[in-house]
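The block underneath contains the structure these notes are about, expressed in C-alpha cells.
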Amino acid sequence: MTTLDLAYVRSQFPAFAVPGLAEQAFFENAGGSYACQPVIDRLTRFYRERKVQPYAPYAAAQAGGAEMDEARTRLAAMMGVKRQELSFGPSTTANTYVLAQAVRRWLTDKGGAIVVTNQDHEANSGPWRRLAEDGIEVREWQIDPATGHLDPARLKPLLADGKVRLVCFPHCSNVVAEINPVAEIASTAHAAGAAVCVDGVSYAPHGLPNVADLGADIYLFSAYKVYGPHQGIMVIREAFGFDLPNQGHYFNGDTLYKRFTPAGPDHAQIAASAGMADYFDALNERHFAPEPDAAKRGAAVHDLMRAHEIAICQPLLDYLAARNDLRLIGPRDAARRAPTVAAALDRAAEPVSEALGREGINCWAGDFYAVRPLTAMGVDLDKGVLRLSMTHYTSPQDVSRLIAALDRVL
C-alpha cells in the first residue's frame, strides 16, 4: 500500500510555515481546515486580475468565467457526476435552506412525508423539520442513545407505508463521526420510492466521495472544510433536481446548477475552488501513476488520505477509551469513523480546550450545533464535549503531543 508523503502534504499548506501557527498542533479541522496553496493562489489571482463580471467579451472576464467553469467541471468529474449537477452556494446551511423551500413546494403538490435523523448537525435537520409548519409529515430516524449509532434497520419501518418521499441523513455526524453506509441506505430508500439527501460536511474533508456510487440524490459539503474557500458545494442529480421546483430566477430554470442558487454566486471563491482539484490531482501525481479518469484519481486520493487518518486516529481513540473520567463518543475503531473525536468529560469542556490551547494544542469545545444527537445521548449541554479533529495533514507527532497534553490537563 502506498504511504502518504506527509512532508509533501504539509508543504502544500502555507499555514504550517507561519510563525505562531507552525509551533501549534491544529485539532480544530472539523470547524474549518487550513487552505491549500493552489486555492490561495487562485483566489489571490482572481482578486488581482479577474475581479470583473465574468463571461463578458473581454479577456479578464473570459478568464474569470473559464476558471469558474473549471472548478465545476473538475470537482464534478472527481465525484463521478455531470458538471451541471454540481452547484455552489454561500454555505451548506444556506444551500440546505434553499433546498428545503423547494421540497416544501414539491411535497405540498405531491403529498408525502420526509425522514430526518437526530444524528445530524442542525443544518441538515432544522430546515427539514420546519416543513411540519406547512402540514408536511416529518418522521425521525433515531440514533441509539448509548452509542450514537444510526441503525439502517430502524429506517425500514419508517418507509413501510410508502409515503416517504425524502430521507435526510449525514454521511457521518460531526460529533459521533461513525461513517454511515450511504449506498445501503440510499438503496433502501429508493426501493421505497424515496430520494436521499446526504450531509457530507463531516466526511468530505477525508476524501471526496463518488456520489454516483453512493446513490445520493443530493450530496452537500463545505469547501472551507476541504482545504478550500468559504463556499457550500452541493451535488443534485439531474432527475431529482428537475423534479424539484426552481428556486432561482425564472429565466435560469433550465440550468440545473442555477436552479437552487437564488443569490448571485461569489465568483472569486467559485474560481478558487478549482484549487481543490489542483491539490487532489497533485496528491495523485505525487503518489500514483498517471490516471486519465478523474473519478479514479479522486478515489485513489480518498483511500490514501483515509489510510493515514485511520493510522493516526487509533492511538487517540485507544488513549481516550482507556480513561474512566470521560465518555468517548462514537466508535472506538478508527476505520469505522472520521477522525473527528468528541469526548464528554467529567467537567465543563471549554476550560479544558483553553488549557490545551496554552499547551499549543488548538481545539475547541461546546455542542458544535449538534444539540439533537448530544441531547439524545444524554450529554450535558452546559458542559458540552471536547472535540479533537484531524485530517490527512495531521502528523503522528501532533497526536503524541496531544495525548501528552491531555495527560497534563485532564
Side-chain angles (χ1 to χ4, degrees), residues 92-93 95-97 99-100 102-104 106-107 110-203 209 211 214-221 234 237 240 329-331 336-338 340 342 367-379:
T92 295
T93 301
N95 288 344
T96 306
Y97 182 84
L99 288 170
V103 169
R104 184 191 301 271
W106 180 66
L107 287 183
K110 296 173 74 77
I114 67 169
V115 169
V116 298
T117 85
N118 64 343
Q119 194 190 55
D120 283 275
H121 181 290
E122 192 61 18
N124 196 40
S125 185
W128 305 116
R129 291 171 186 268
R130 291 193 188 102
L131 301 187
E133 297 168 0
D134 288 349
I136 293 168
E137 183 186 0
V138 178
R139 302 176 182 180
E140 186 176 71
W141 177 14
Q142 297 184 348
I143 59 173
D144 183 317
T147 64
H149 174 62
L150 191 64
D151 186 351
R154 292 187 177 185
L155 173 63
K156 293 180 181 179
L158 300 174
L159 303 175
D161 63 4
K163 293 182 180 180
V164 173
R165 296 288 176 262
L166 182 66
V167 178
C168 307
F169 65 98
H171 201 154
C172 63
S173 159
N174 69 330
V175 290
V176 178
E178 181 174 13
I179 298 171
N180 293 317
V182 174
E184 175 190 342
I185 295 166
S187 179
T188 298
H190 291 158
V196 296
C197 173
V198 181
D199 176 2
V201 170
S202 294
Y203 185 89
V211 175
L214 292 177
D217 300 284
I218 301 172
Y219 193 93
L220 304 141
F221 68 99
M234 52 185 169
R237 303 312 303 274
F240 188 55
I329 305 295
R336 294 178 52 210
R337 63 181 296 153
T340 299
D367 61 42
F368 302 102
Y369 298 107
V371 172
R372 295 180 197 273
L374 292 177
T375 299
M377 290 185 286
V379 174

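What you are looking at is a predicted structure, and each value in this text was computed from that prediction instead of being measured.
The nearest pair of heavy atoms linking T375 to V371 is OG1-O, 2.7 Å. Across all non-hydrogen atoms, the minimal contact from F240 to A195 is CE1-CB, 3.8 Å. Scanning all heavy atoms of the two residues, the minimum distance from A100 to P127 falls at CB-O, 3.7 Å. Listed here is the closest heavy atom pair of A376 and P145: O-CB, 3.3 Å. Among all heavy-atom pairs drawn from L150 and P170, the shortest one is CD2-CD, 4.5 Å. Residues A189 and L159 share a closest heavy-atom pair of CA-CD1, 4.0 Å.
For the atom pair CG (L158) and CD1 (I114), the distance works out to 12.0 Å, reported to the nearest 0.5 Å. Atom CZ of residue R104 and atom CG of residue D134 lie 4.5 Å apart, to the nearest 0.5 angstrom. Atom-to-atom distance recorded for S125:OG and D199:CG is 10.0 Å, nearest 0.5 angstrom. To the nearest 0.5 angstrom, N95 atom CG is 11.5 Å from N124 atom CG. Here the straight-line distance linking atom CD1 of I329 with atom CG of L374 works out to 6.5 Å at 0.5 Å rounding. Note that CG of L155 and CD1 of I185 are 7.0 Å apart. Values are rounded to the nearest 0.5 Å.
The ring-ring contact (aromatic ring centres under 6.0 Å, His included) contacts involving residues 128-177 comprise H171-Y203, H171-Y219, where partners must be two or more places apart or lie in separate chains. Identified under the salt bridge (charged side-chain N to carboxylate O under 4.0 Å, His left out) test for residues 112-131, with sequence neighbours left out: E122-R372, R129-E140. Residue pairs meeting the salt bridge (charged side-chain N to carboxylate O under 4.0 Å, His left out) criterion with at least one partner in residues 159-186, sequence neighbours excluded, are R139-D161, E178-R336. Sequence neighbours left out, not one pair with a member in residues 174-199 passes ring-ring contact (aromatic ring centres under 6.0 Å, His included).
Side-chain contact between V176 and M377: present, with at least one pair of heavy atoms (C-beta onward) separated by less than 4.5 Å. Residues L220 and L99 are in side-chain contact: their nearest non-hydrogen atoms beyond the backbone lie under 4.5 Å apart. P152 has its side chain within reach of P181: a pair of non-hydrogen atoms, C-beta onward, lies under 4.5 Å apart. For the pair D144/D151, no side-chain contact is recorded, criterion being any heavy-atom separation below 4.5 Å from C-beta on.
Side-chain N or O atoms of T96 include one that pairs as donor or acceptor with a backbone N or O of T92 at under 3.5 Å. Panel note: side chain R337, backbone A177; no donor-acceptor pair is recorded below 3.5 Å. Although no hydrogens or angles enter the test, the distance criterion places a donor-acceptor pair under 3.5 Å between the side chain of D217 and the main chain of V196. One N or O on the side chain of N118 and one on the backbone of I143 form a donor-acceptor pair closer than 3.5 Å.
Under the side chain to side chain donor-acceptor pair (under 3.5 Å) criterion, N180 pairs with Q119, not counting sequence neighbours. Partners of Y97 by ring pair (Phe, Tyr, Trp, His ring centres under 6.0 Å), not counting sequence neighbours: none found.
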Point to revise | From CA spacing to verdict: side chain to side chain contact (heavy atoms under 4.5 Å, CB included), V201, N174 | key: CA-CA 8 Å; V201 170; N174 69 330; over 6 Å; no
